[in-house]
Visitor: 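Before I ask anything, here is the structure I am working with.
Order of the sequence lines fixes the chain letters, A, B, ..., with proteins taken first and strands second; residue numbering starts at 1 for each chain. Note: hydrogens, waters and symmetry copies are ignored here, and every other heavy atom, side chains too, is used.
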Amino acid sequence: MKRYVIKSAFGGLQPEESLFSIPYKEALNPAQYEAVTTLHGPILVIAGAGSGKTRTLTYRVARLVEEGVPPSAILLLTFTRKAAQEMLRRAAALLDQRCEKVAGGTFHSFANLTLRRYAEKLGFQSGFSILDRADAEDVINLLRTRMGLNLKGRRFPRKRTITTIYSRAVNKVLPVREVIFEDYPHFLKEAENLLHLCGEYKAYKRENLLMDYDDLLIHLRTLLANNPDVQETLSQTYRYIMVDEYQDTNKIQADIIRFLASTHNNVMVVGDDSQSIYAFRGANFRNIMDFPALFPGTNIVKLEENYRSTQPILAIANEIIGRAKEKYTKVLFTQKGYGTVPALVAAEDERRQSLFVSQRILELREEGISLNQIAVLFRSGYHSFDLEIELNQRNIPFVKVGGFKFMETAHIKDLLAHLKILANPLDTVSWHRVLLLVENIGPKTAEEIFHCVTRSSIGLKGLATVKPKPRYARAFERLSKEMDSLDGSHLSLVETGAKLMRYYEPILEKKYDDYPKRAKDLEHLLTIMERYRRLEDFLSDMALEPPNASVDDMLATDYEDEQLVLSTIHSAKGLEWHTVFIISALEGRFPVTYAARSDEEMEEELRLMYVAATRAKENLYLTYPINIYDRGAGMVFSRPSRFIEGISEEMLDHWSLVNEEEEE
DNA sequence: CGGGACAACGTTTTT
DNA sequence: CGTTGTCCCG
């Protein structure tokens with residue numbers, strides 16, 4: 001007898017033909033699917049950690065393009081430019097190259113591009129220069145001195161504090177006086193002067209065509225608010241808007257979105273209220289809850305299934321966020337039921353903590369976990385200093401993200417200042433910097449010179465109108481000639497940079513003992529310049545998205561090899577690793593001491609710990625040194641972070657470190 | 001007035 | 001620990 005088998009799932013009939021090449025339904029869970037396929041009207045996606053937020057955005061970009069929406073009509077605003085590029089790259093991989101053409105970037109970079117196009121509408125006839133934090137401080141310092149506010153014996157706030165106050169006022173939409181009252185009551189007696197100085201600062205920026213980071217947002221909002229025609233045009237240009245990390249946006253950014261969407265309301269914002277970690281920058285996690293009020297008829301979608309972490313890791317994360325005073329909107333679950341219980345590791349001191357982390361990393365490496373799959377996270381940049389030494393000794397390659405900035409080093413800023421002058425001869429901040437580098441020129445002389453130049457109103461050619469005193473005449477002529485030869489020359493950007501570097505090299509050697517190292521940094525800057533054609537583009541990018549690795553890190557990257565990641569938690573946002581170490585999880589460092597000032601700040605620290613813990617897929621180690629060195633008190637005992645204290649052994653393995661000899 | 005030497009301070013996270 | 005402010009000399 002022959003057996004004839006009827007196959008169960010073979011159809012001569014094709015399944016219902018899809019209009020789309022991408023199997024959205026199969027690739028997404030129902031909530032994600034809804035978010036991806038609801039293309040019109042406002043949508044708020046509450047996306048828990050690891051719930052496929054990026055996936056959802058990526059698929060939605062592809063979907064829009066597949067539906068026939070021109071890529072240039074889609075605007076994707078993210079927290080870093082890298083995040084936007086990555087999403088568009090993935091969307092392109094799903095569908096096709098068109099997705100790369102979608103307009104994407106940060107709020108600041110978008111503002112920069114738009115404002116340059118409409119500069120004249122705001123009275124910035126010939127463009128503007130961007131002041132980074134340090135530049136802004138320099139301007140304030142200059143004005144403070146000019147106003148005679150920093151007389152000795154008087155306790156006037158430092159330039160850094162002043163800048164912080166102004167920025168906070170802008171970002172939180174509060175009067176300066178209010179910020180002083182709330183956060184710096186001890187400076188209330190200087191409130192009048194601070195207000196006056198603030199006015200001077202604004203005027204100065206306007207006169208000299210300068211914008212700081214906050215101005216980019218403020219001016220964009222003003223542009224949209226005061227020019228209905230521009231608002232209409234832009235809204236019609238960007239007919240589909242998506243905003244990532246919405247929990248970390250502030251009121252100004254919300255207003256901008258409101259204006260941009262005014263003609264269509266096609267806005268999808270994605271965020272997680274329990275991952276809001278930028279309150280210090282004016283972000284308010286309640287913003288995300290206000291979205292439906294801003295856009296009536298908002299569709300709310302919640303993504304609660306976590307695809308990233310194992311159950312034991314998620315249990316810790318839920319325990320941490322459960323300690324928050326504010327109640328949150330969702331509870332994460334996972335189907336990865338297995339997994340190793342996270343460990344709490346008490347090390348005798350910082351040194352031992354470093355030994356543990358590096359040794360454990362090497363073991364994981366042996367087990368076949370690539371260094372790329374491992375990250376060490378910390379609250380503040382300096383927490384990893386000791387570990388960095390140990391990693392260097394053991395030849396474990398790493399990149400450090402966050403904390404100190406290559407761009408902020410003096411020699412890089414020096415060279416950039418020369419370029420900034422070429423781009424904007426009214427940029428007095430850069431003039432100041434450039435002139436101070438010339439021998440025998442100090443603040444007073446510098447000011448005289450650039451007054452002379454700006455008053456001539458013939459741009460850089462105004463250098464010729466300066467009559468230098470013999471003291472500095474020779475060195476000044478050298479600068480003058482150099483700038484004159486570059487002004488209006490047909491050299492490419494990188495050639496200009498190289499030429500300037502030859503000019504700057506003697507100054508560098510005179511100024512710094514470690515000039516060979518710094519010269520290397522500058523070489524590296526030249527290789528970055530090669531990628532740009534326009535000076536303005538290069539300068540904007542350096543201000544808005546500066547490369548954040550130093551030259552040593554860059555060299556390591558050249559090998560395209562495995563690298564361990566060291567990162568501040570803020571810079572680790574949105575990323576994930578197989579194994580995560582959270583170091584220095586102790587009272588005073590994490591939460592930082594200052595957080596005790598207010599409940600809000602403490603809550604934010606807690607969310608920060610939550611963000612850190614939810615970066616881990618398989619392994620999570622929390623470590624803390626028992627003895628730490630405190631500058632005031634010397635060695636002091638420390639307690640583990642309150643955010644993880646008292647968690648049961650079942651949920652969190654407690655490890656103590658033992659010396660090899662002692663163990664025998 | 002510019003520049004170097006020295007003391008004091010306060011210390012997060014980032015566009 | 002590195003930056004910021006002050007003092008004093010050339």
Visitor: What nucleotide among B:dT15, B:dG10, B:dT12 has an atom nearest to a side-chain atom of A:His108?
Guide: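 Comparing B:dT15, B:dG10, B:dT12 against the side chain of A:His108, the answer is B:dT15.
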Visitor: Partners of A:Asp135 by salt bridge (Lys or Arg N to Asp or Glu O under 4.0 Å), sequence neighbours excluded?
Guide: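 A:Asp135 satisfies salt bridge (Lys or Arg N to Asp or Glu O under 4.0 Å) with A:Lys413, A:Lys420 once adjacent residues are dropped.
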Visitor: For the pair made of CD1 in A:Ile252 and P in B:dT14, what is the distance, rounded to whole Å?
Guide: 20 Å
Visitor: Under 4.0 Å, heavy atoms only, any strand: does A:Ile441 hit a base, just the sugar-phosphate, or nothing?
Guide: sugar-phosphate
Visitor: For A:Leu174, enumerate each residue passing the side-chain contact (heavy atoms from CB on, under 4.5 Å) test, keeping only those at least two apart in sequence or located in another chain.
Guide: A:Lys172, A:Glu178, A:Val179
Visitor: Dot-bracket notation for DNA chain B is requested: 5' to 3', Watson-Crick or G-U wobble pairs only, both distances under 3.5 Å, with ( ), [ ], | and . as defined.
Guide: ||||||||||.....
Visitor: Does the ring center of A:Phe378 lie less than 6.0 Å from the ring center of A:Phe590?
Guide: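 Not close enough - the centres of the two rings lie 6.0 Å or further apart.
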Visitor: Please state how far atom OH in A:Tyr382 lies from atom P in C:dT3, giving the value in whole angstrom units.
Guide: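 After rounding, the reported distance stands at 16 Å.
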Visitor: What is the distance, rounded to the nearest whole Å, between atom CD of A:Glu245 and atom P of B:dT15?
Guide: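 The answer, rounded to whole Å, is 12 Å.
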Visitor: Within this structure, what is the CD-to-C1' distance between A:Glu603 and B:dT12, rounded to whole angstrom?
Guide: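 Rounding to the nearest Å, CD of A:Glu603 and C1' of B:dT12 are 18 Å apart.
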Visitor: In whole Å, what is the span from the CG atom of A:Leu131 to the P atom of B:dT14?
Guide: 20 Å
Visitor: Is A:Thr445 close enough to B:dC1 that one of its side-chain N or O atoms is under 4.0 Å from OP1 or OP2 there?
Guide: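 Negative; the distance criterion is not met.
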Visitor: Please confirm whether A:Tyr246 and A:Phe79 have ring centers closer than 6.0 angstrom.
Guide: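 Centroid distance A:Tyr246-A:Phe79: not below 6.0 Å, so no.
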Visitor: Is a donor on one side and an acceptor on the other found under 3.5 Å between the side chain of A:Thr445 and the backbone of A:Ile441?
Guide: no
Visitor: Hey, which of these two, A:Tyr213 or A:Arg158, hits DNA chain B nearer its 5' end, going by closest nucleotide?
Guide: A:Arg158
Visitor: Without decimals, in angstroms, what is the distance between A:Arg133 CZ and C:dT3 C1'?
Guide: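 These atoms are roughly 14 Å apart.
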Visitor: Of the residues in residues 274-282 of chain A, which ones touch DNA chain B at a heavy-atom distance under 4.0 Å?
Guide: A:Tyr278, A:Phe280, A:Arg281
Visitor: The side chain of A:Thr568 is closest to which nucleotide in this list: C:dT4, B:dT12, B:dT14?
Guide: B:dT14
Visitor: Within this structure, what is the CG-CZ distance for the pair A:Leu260 and A:Arg221, rounded to the nearest 0.5 Å?
Guide: 13.0 Å
Visitor: Is the distance between the ring centroids of A:His411 and A:Tyr504 under 6.0 Å?
Guide: no
Visitor: In whole Å, I'd like the distance from the CG atom of A:Leu586 to the P atom of B:dT12.
Guide: 16 Å
Visitor: Could you pull out every donor-acceptor pair under 3.5 Å between side chains of residues 274-286 of chain A and any protein atom, sequence neighbours left out?
Guide:
{"residue": "A:Ser274", "atom": "OG", "partner": "A:Asp272", "partner atom": "OD1", "Å": "2.7"}
{"residue": "A:Ser274", "atom": "OG", "partner": "A:Lys330", "partner atom": "NZ", "Å": "3.0"}
{"residue": "A:Gln275", "atom": "OE1", "partner": "A:Arg615", "partner atom": "NH2", "Å": "3.1"}
{"residue": "A:Gln275", "atom": "NE2", "partner": "A:Asp272", "partner atom": "OD2", "Å": "2.7"}
{"residue": "A:Asn284", "atom": "OD1", "partner": "A:Arg286", "partner atom": "N", "Å": "2.8"}
{"residue": "A:Arg286", "atom": "NH2", "partner": "A:Glu326", "partner atom": "OE2", "Å": "2.7"}

Visitor: What is the distance, rounded to the nearest whole Å, between atom CG of A:Asp386 and atom C1' of C:dC1?
Guide: 15 Å
Visitor: Output yes when at least one side-chain N/O atom of A:Arg160 is less than 4.0 Å from OP1 or OP2 of C:dG5, else no.
Guide: no
Visitor: So that I can tick it off, tell me whether A:Arg379 and A:Glu605 are bridged by a salt bridge, with the cut-off set at under 4.0 angstrom between side-chain N and carboxylate O.
Guide: yes
Visitor: Go through the structure and list residues passing side-chain hydrogen bond (donor to acceptor under 3.5 Å, both in side chains) with A:Thr164, not counting sequence neighbours.
Guide: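 A:Thr164 satisfies side-chain hydrogen bond (donor to acceptor under 3.5 Å, both in side chains) with A:Arg133 once adjacent residues are dropped.
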Visitor: Quick one: on DNA chain B, does A:Leu436 or A:Glu601 contact a more 5' nucleotide (nearest heavy atom)?
Guide: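 Going by which nucleotide is closer to the 5' end, it is A:Leu436.
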Visitor: A:Ser571 side chain N/O closer than 4.0 Å to the phosphate oxygens (OP1, OP2) of B:dT14?
Guide: yes
